[in-house]
Amino acid sequence: MEQLNLMVTWSLWAGQLILQRKMLISMIFKNKKRIKLNNIRLSTKLIITYVLLTVIPMALLGYIVYSQYSKSIEAQVGEYIPQLLRQANDNLENEIGKLENLPDLIYSSGEVMEVLRDRQIQNKSSRLHGQYTVQSYLTNIYLTSNNPDILGAFLISKNRLFASTRTSYQGFGFKDGSFPYQKDVVQVGDMKLLFPDQIKLSFKDNPSYVLLVKQITDFDNRKNLGTLYLALNVSFFERVLEDLGRNENTTMWIMDKEGQVIYHTDEAKIGENVEQIHDYPLLNGSFRTNDGQKTLISLSEAKEFPWILGYSIPLKNLTEQTDIVRNVTIVIFIIVACIATLISIFLAWTVTRPIKQLSYIMKDVEAGNFKVDVPIYSSDEVGMLAHSFRSMLSKIRALIQKNYLIEIRQKNAELYALQSQINPHFMYNTLETIGMAVEDEEHEQAVHMITLLGRMMRFSISNKDNLVSISSEVQHIRDYLNIQKFRFEDRLSFYIREDVDTLKCFTPKFILQPIIENAIKYGLEKRKEIKIEIEVVGEMTPEGKQAILFIIRDNGPGINEDTMTRIKELLSSDPMKSRDSGFGIINVFARIVMMFGDEYGLQLKSEKEKGTEVVIRLPKTTELK
């Protein structure tokens with residue numbers, strides 16, 4: 001039993017020492033939380049460092065290379081397209097130059113010139129013959145020639161209309177309001193250019209066309225013989241411009257210097273005005289626009305004719321191939337970045353795994369577990385740290401073992417003193433009372449008091465057990481109160497009630513006597529009569545555990561406010577440090593906490609001039625420890 005008693009006491013005080021050592025270890029590791037940045041895991045730092053030093057620079061470099069390459073393509077195209085446009089303008093000028101000679105073929109036919117010069121009134125037969133002559137000539141010269149772009153030829157002379165077309169037409173004459181023209185005409189050399197919206201002429205199937213207009217002059221007398229109109233299919237421009245390699249995403253057009261469109265790849269825009277021409281920064285070269293869709297516009301002004309050739313292409317179409325390469329590069333970059341990131345994670349895990357293991361071991365030590373093994377897997381910095389920590393832990397264990405032995409001996413001595421103490425003043429007063437009873441020949445009372453005192457002494461010096469039955473503790477306090485009642489007679493009365501099986505439940509010794517002594521001492525100083533009530537009852541804690549309550553009440557003067565505040569401060573502080581405070585109640589509290597833990601102890605209630613109540617809470621113990 002003595003060995004068991006020593007082990008129990010050792011375990012109780014070992015818990016207190018562990019708490020003290022925990023505070024020491026916490027001081028060792030508290031520097032980990034000083035800087036918030038250091039709270040980030042090392043593996044996370046390594047991965048972030050990898051991303052900052054590799055992935056982000058690679059992505060930024062790729063973006064810069066792609067941007068510069070795209071700008072380079074745009075610049076090259078911006079320089080190359082105007083060169084093509086200048087060549088196309090030269091080709092157009094050559095072709096138009098060829099067309100300028102077509103109206104002059106009229107002069108090569110004397111019969112046609114005679115018909116145009118004839119001013120006399122002719123009969124119907126002569127007029128029909130003349131009309132046939134001119135129209136046949138127009139057909140032979142302009143429609144059956146090697147120029148398939150001419151849709152029709154019209155010659156107006158002296159209110160006469162001579163027409164020859166490849167297909168049927170309508171809207172060209174004197175009676176339907178075709179003349180004068182609805183808009184100003186465009187001058188092309190010594191010819192004029194008309195668009196379909198300037199005249200009501202239309203052909204079957206509505207092909208797009210332009211009209212070349214030239215005056216027929218009699219060079220002999222310088223008189224005007226008529227006006228020749230040649231309807232030219234816009235395919236003429238397309239054939240000349242096909243060398244530019246136009247596709248569905250590009251746009252080409254020809255406009256005069258005022259912005260009126262002569263030709264456009266979108267037939268619906270032929271004849272419209274380009275209002276932005278006045279805002280164009282140049283008329284020879286390339287520039288970018290940002291109206292909705294970013295577009296590269298290239299312009300070339302013709303040398304001989306008053307028009308401008310335009311070419312536009314969306315910037316995204318310039319970099320189609322580059323975008324494909326970019327997308328493939330992005331996919332490859334993402335795959336490589338993911339693989340590299342996984343490798344970095346693996347390397348970071350390899351580096352941080354032993355550190356994490358060491359950190360977990362440190363946390364165990366911080367929690368009070370000093371019986372841990374510190375493995376050393378390497379001889380690097382982490383291995384050196386683990387070796388140093390193992391050495392430190394070994395020294396701490398030795399120090400704790402040494403302090404355990406010292407403090408256990410000290411606590412056993414203190415516990416023994418607490419259990420065996422009987423107030424000397426109580427002994428003196430009791431012996432004096434017995435002596436007075438003998439002098440007064442009250443022998444039975446003297447014998448009874450000696451019997452009670454002897455039983456109290458026997459209970460006090462019996463220290464082989466830390467715990468005694470509640471019935472023994474209650475009997476001891478009953479003997480103490482009976483002896484005090486012999487002294488103070490009617491000034492003291494008491495009542496004890498037991499609601500539990502006190503023979504089967506156990507309690508530490510002397511937990512009631514210090515409280516009863518205080519009640520009697522301070523109560524009889526200011527009261528003629530003091531009444532003490534003691535109850536022993538059972539209770540179920542919120543955690544579902546059974547507990548024993550000792551409730552001690554008195555009708556004394558109560559505890560003043562300053563003393564009450566002091567006692568409560570001592571109760572709420574470390575009980576081991578407060579046990580020598582001079583208050584008996586603090587000694588009781590310290591012993592209970594030492595043996596059963598912080599969840600048990602005592603509560604104190606007191607009202608001035610109304611009395612005091614002390615509640616001692618213990619676990620229900622049915623076996624000796």
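Residues: numbered from 1 along the sequence shown. The structure presented is a predicted model; accordingly, all values stated were derived computationally and were not measured.
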| query | What pairs with Glu609 under salt bridge (charged side-chain N to carboxylate O under 4.0 Å, His left out), at least two apart in sequence or on another chain? | reply | Arg527

| request: Kindly compute the distance separating OH (Tyr495) from CD (Glu533), expressed to the nearest 0.5 Å. | output: 8.0 Å

| query | Hey, mind stepping through Lys545 and Glu599 against salt bridge (charged side-chain N to carboxylate O under 4.0 Å, His left out) and telling me if it holds? | reply | CA-CA 11 Å; Lys545 299 179 181 180; Glu599 57 184 310; 3.8 Å; yes

| Residues two or more places apart in sequence or in another chain: which of them pass side chain to side chain contact (heavy atoms under 4.5 Å, CB included) with Glu529? | Ser493

| Looking at CD1 of Ile585 and CD1 of Ile567, how far apart are the two atoms once the value is rounded to the nearest 0.5 Å? | 6.0 Å

| said: Applying side-chain contact (heavy atoms from CB on, under 4.5 Å) to Glu473 and Phe459, what does each step give before you reach the verdict? | reply: CA-CA 9 Å; Glu473 178 71 13; Phe459 180 80; 3.5 Å; yes

| request: Determine whether Thr563 and Asn560 make a side-chain contact, defined as any pair of heavy atoms from C-beta on separated by less than 4.5 Å. | output: yes

| Considering residues at least two apart in sequence or located in another chain, which fulfil the salt bridge (charged side-chain N to carboxylate O under 4.0 Å, His left out) criterion with Arg478? | Glu498

| query | So, Asn555 side chain and Lys531 main chain: donor-acceptor pair closer than 3.5 Å or not? | reply | yes

| request: Give a yes-or-no answer on whether the side chains of Thr565 and Asp562 include a donor-acceptor pair shorter than 3.5 Å. | output: no

| Partners meeting ring-ring contact (aromatic ring centres under 6.0 Å, His included) with Tyr522 (sequence neighbours left out) | none

| field | salt bridge (charged side-chain N to carboxylate O under 4.0 Å, His left out) partners for Arg487, two or more places apart | value | none

| request: Determine, stepwise, if the pair Ile559 / Leu604 fulfils side-chain contact (heavy atoms from CB on, under 4.5 Å). | output: CA-CA 10 Å; Ile559 303 174; Leu604 181 64; 4.0 Å; yes

| said: With rounding to the nearest 0.5 angstrom, report the CE to CG distance, Met449 to Leu431. | reply: 8.5 Å

| query | Which pairs, with at least one residue in residues 436-445 and sequence neighbours excluded, count as a side chain to side chain donor-acceptor pair (under 3.5 Å)? | reply | none

| note | Closest non-hydrogen atoms of Val588 and Pro514, given as atom of the first, atom of the second and distance, are CG2-CG, 3.9 Å

| said: I'd like to check the side chain to side chain contact (heavy atoms under 4.5 Å, CB included) partners of Ile64; sequence neighbours left out, ordered by chain and number. | reply: Leu60, Gln68

| request: Would you sort out whether Ile548 and Thr507 count as a side-chain contact (heavy atoms from CB on, under 4.5 Å), showing the intermediate values? | output: CA-CA 9 Å; Ile548 299 295; Thr507 178; over 6 Å; no

| note | With sequence neighbours left out, the residues meeting salt bridge (charged side-chain N to carboxylate O under 4.0 Å, His left out) with Glu607 are Lys610

| said: Does atom NZ (Lys504) have a neighbourhood of more than 12 heavy atoms from anything else shown, all under 6.0 Å? | reply: no

| Applying salt bridge (charged side-chain N to carboxylate O under 4.0 Å, His left out), which residue pairs with at least one partner in residues 327-338 are found, sequence neighbours left out? | none

| query | Taking the side chain as C-beta and beyond, is there a heavy-atom pair between Met456 and Ile483 under 4.5 Å? | reply | yes

| field | Least distance between heavy atoms, Asn482 atom then Phe494 atom | value | OD1-CZ, 3.3 Å

| message | Restricting to side chain to side chain contact (heavy atoms under 4.5 Å, CB included), what partner residues turn up for Ile515, sequence neighbours left out? | response | Ile552, Val614, Ile616

| query | Which heavy-atom pair separates Pro508 from Leu618 by the least distance, and what is that distance? | reply | CD-CD1, 3.9 Å

| field | Residues Val536, Ile496; criterion side-chain contact (heavy atoms from CB on, under 4.5 Å); working and verdict | value | CA-CA 8 Å; Val536 184; Ile496 299 176; 5.6 Å; no

| Salt bridge Lys608-Glu561, side-chain N to carboxylate O under 4.0 Å | no

| Which heavy atom of Ser606 sits nearest a heavy atom of Thr612, and at what distance? | OG-OG1, 3.0 Å

| query | Do Pro619 and Gln546 touch side chain to side chain, with heavy atoms closer than 4.5 Å? | reply | no

| task | Grab the two heavy atoms, one from Ser469 and one from Leu503, that are nearest each other, plus how far apart they are. | result | CB-O, 4.0 Å

| Test ring-ring contact (aromatic ring centres under 6.0 Å, His included) applied to Tyr480 - qualifying residues, sequence neighbours left out | Phe426

| note | Closest non-hydrogen contact found for Gly538 with Val500 is N-CG1, 3.4 Å

| field | With Asp479 via side-chain hydrogen bond (donor to acceptor under 3.5 Å, both in side chains) - residues at least two apart | value | Arg455, Gln475

| field | Separation between NZ of Lys620 and OG1 of Thr541, rounded to the nearest 0.5 Å | value | 12.5 Å

| Any side-chain donor paired with an acceptor under 3.5 Å for Thr430 and Thr433? | no

| From Phe550 atom CZ to Ile534 atom CD1, the distance as rounded to the nearest 0.5 Å | 9.5 Å

| Polar side-chain atom of Arg617 near backbone of Leu549 as donor-acceptor pair, under 3.5 Å | no

| query | CZ/Phe589 to CG/Leu602 distance, rounded to the nearest 0.5 angstrom? | reply | 6.5 Å

| query | Any side-chain heavy atom of Phe486 within less than 4.5 Å of one from His448? | reply | yes

| said: Quick one, Ile313 and Thr295 - any side-chain contact, counting heavy atoms below 4.5 Å? | reply: no

